Amino acid sequence: MISEKIIKAKSDSFAKQIKGIFKKYGLDVEELDKKYKSFKSPDFFVTTKDKKQSFICECKYIFSAGVIDNGKYNVSTEDKGLATRNKGAFRFDSFTKVEEVIRGAENQYRELVKNKKEYKNYPFVVALDFDFFADSFGYIPRDIYKLENVSAIMRVERDHELRKALQSLTIDQLEKLIKKEITIKLPANSKNFRVLQNKKTPNKFRASKILKTPIIV
């Protein structure tokens with residue numbers, strides 16, 4: 001199984017990564033979880049430099065797609081015993097886990113608003129990342145489990161423009177490009193946020209006004 005030490009380190013690293021991207025985009029980031037220690041709060045309060053747009057963000061990393069061998073091992077790259085496992089049934093719970101994690105994040109938002117009512121009208125966004133085996137971002141329903149407090153779900157997507165450009169090439173062009181028989185100007189490596197926006201929330205997250213080149217789904 002995955003140790004609590006690994007879980008904490010990976011979760012902290014992911015939150016730090018998201019904070020770094022926000023700062024790189026020129027956003028101001030206040031760490032709510034460090035500011036309010038008497039209750040469980042979301043990670044960040046994020047504001048544009050002109051103070052016109054703000055939102056609350058909680059970062060969640062999902063470690064496992066389920067368990068195998070009656071719970072002895074996690075189906076996760078972080079479970080070092082997975083490769084040596086005995087044969088046994090696989091219990092897949094990634095879809096359930098994603099919903100559970102998002103609902104847990106919403107509870108943190110509720111706790112914040114209950115204790116600090118001044119945050120009530122700000123959009124609440126959950127940033128997700130996944131272990132290789134657990135990635136089920138594409139299966140999150142468009143209504144985000146009917147959670148009106150959750151304004152959006154987002155994840156970091158790497159090299160979106162580069163992949164689109166490569167996918168537009170023919171097989172012949174790709175083969176020639178690999179063999180260096182032709183030169184094609186391709187987009188540089190990049191990081192973008194892929195954002196699933198909740199259309200039913202009263203607190204809309206205006207991703208295009210806050211994030212640099214977001215991918216809206």
Side-chain angles (χ1 to χ4, degrees), residues 7-8 10-62 95-130 136-157 191-217:
I7 289 173
K8 185 178 187 314
K10 193 79 175 183
S11 298
D12 289 349
S13 175
F14 174 53
K16 185 177 179 180
Q17 178 197 14
I18 295 300
K19 178 184 176 183
I21 296 172
F22 288 158
K23 299 284 278 185
K24 186 178 178 181
Y25 287 178
L27 302 171
D28 291 328
V29 183
E30 182 181 17
E31 297 186 38
L32 295 177
D33 58 337
K34 292 181 179 178
K35 183 177 181 179
Y36 304 118
K37 296 184 178 180
S38 60
F39 55 90
K40 194 165 177 60
S41 168
D43 290 308
F44 306 128
F45 182 63
V46 186
T47 307
T48 56
K49 290 294 184 185
D50 61 11
K51 311 299 182 186
K52 290 183 178 179
Q53 305 284 338
S54 300
F55 67 98
I56 299 158
C57 181
E58 169 63 11
C59 303
K60 296 289 188 185
Y61 189 94
I62 297 175
F95 298 162
T96 304
K97 185 65 178 178
V98 170
E99 180 177 357
E100 187 180 286
V101 164
I102 293 172
R103 289 186 181 278
E106 192 217 18
N107 286 338
Q108 289 177 242
Y109 168 81
R110 287 176 181 269
E111 190 73 8
L112 173 66
V113 169
K114 183 177 77 174
N115 287 277
K116 301 291 177 180
K117 291 182 171 49
E118 60 267 32
Y119 292 102
K120 183 178 180 181
N121 296 319
Y122 290 108
F124 174 56
V125 178
V126 182
L128 294 178
D129 198 9
F130 302 82
S136 53
F137 183 91
Y139 295 95
I140 299 171
R142 294 298 177 109
D143 63 3
I144 311 182
Y145 309 107
K146 303 188 187 306
L147 297 174
E148 291 188 3
N149 287 324
V150 181
S151 303
I153 306 292
M154 66 185 184
R155 69 174 305 170
V156 176
E157 183 158 313
K191 286 183 182 179
N192 309 88
F193 280 112
R194 177 172 286 273
V195 184
L196 172 59
Q197 295 181 307
N198 187 353
K199 294 179 180 178
K200 300 292 186 181
T201 181
N203 297 327
K204 304 292 185 186
F205 178 59
R206 308 193 184 284
S208 60
K209 292 186 177 181
I210 300 173
L211 303 176
K212 182 181 177 182
T213 60
I215 304 158
I216 310 295
V217 295

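Quantities reported herein were computed from a predicted structural model and do not represent experimental measurements.
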For the CG atom of Leu32 and the CD1 atom of Ile56, what is their distance to the nearest 0.5 Å? 7.0 Å
Let me confirm one number: the CG-NZ distance from Asp143 to Lys199, rounded to the nearest 0.5 Å. 11.5 Å
Of all the heavy-atom pairs spanning Arg155 and Leu128, show the shortest one and how long it is. CB-O, 3.5 Å
Could you tell me if the side chain of Gln108 sits less than 4.5 Å from the side chain of Lys60, heavy atoms only? yes
Inspect the contact between Arg110 and Glu106 and indicate whether a charged nitrogen and a carboxylate oxygen are less than 4.0 angstrom apart. yes
For the side chain of Asn192 and the backbone of Ile215, is there at least one donor-acceptor N/O pair under 3.5 Å apart? no
Just do the side-chain contact (heavy atoms from CB on, under 4.5 Å) check on Glu31 and Lys19 with the steps written out, would you? CA-CA 9 Å; Glu31 297 186 38; Lys19 178 184 176 183; 2.5 Å; yes
Sequence neighbours excluded and cut-off under 3.5 Å, please list the side-chain donor-acceptor pairs for residues 42-49, or say none.
residue, atom, partner, partner atom, Å
Asp43, OD2, Cys59, N, 2.8
Thr47, OG1, Ser54, OG, 3.2
Thr48, OG1, Asp50, OD1, 2.6
Thr48, OG1, Lys52, N, 3.4
Thr48, OG1, Gln53, N, 3.2
Thr48, OG1, Gln53, O, 3.3
Lys49, NZ, Asp28, OD1, 2.7

Looking only at heavy atoms, which two atoms of Ser151 and Pro123 are closest? And how far apart? OG-CA, 3.3 Å
Do Val156 and Asp129 touch side chain to side chain, with heavy atoms closer than 4.5 Å? no
Here the gap from Thr213 atom OG1 to Tyr25 atom OH, rounded to the nearest 0.5 Å, amounts to 5.5 Å
Please tell me if the side chains of Lys212 and Lys24 come closer than 4.5 Å, counting only heavy atoms from C-beta onward. no
Taking the six-membered ring for Trp, are Tyr36 and Phe39 parallel (under 30°), tilted (30 to 60°) or perpendicular (over 60°)? parallel
Closest non-hydrogen contact found for Phe137 with Met154 is CE1-C, 4.0 Å
Measuring from Ile153:CD1 to Ile140:CD1, what's the distance to the nearest 0.5 Å? 5.5 Å
Minimum heavy-atom separation for Val150 and Thr201, please, with both atom names. O-CB, 4.3 Å
Glu157 to Arg194 - nearest heavy-atom pair and separation: OE1-NE, 2.5 Å
Do the side chain of Tyr109 and the main chain of Ser41 share a donor and acceptor less than 3.5 angstrom apart? no
Closer than 4.0 angstrom, basic N to acidic O: yes or no for Glu100 and Lys97? yes
Counting distance only, does the side-chain N/O of Asn149 pair as donor-acceptor with the main-chain N or O of Asn107 below 3.5 Å? no
For Ile210 and Leu27 the tightest heavy-atom approach is O-CD2, 3.9 Å
Do other residues, nucleotides or ligands put more than 12 heavy atoms under 6.0 Å from Lys120 NZ? no
Hey, could you give me each pair passing ring pair (Phe, Tyr, Trp, His ring centres under 6.0 Å) that has a residue in residues 192-217? Not counting sequence neighbours. Phe22-Phe193, Phe55-Phe205
Please examine the side chains of Phe124 and Leu112, heavy atoms only from C-beta on, and report whether any two atoms are closer than 4.5 Å. no
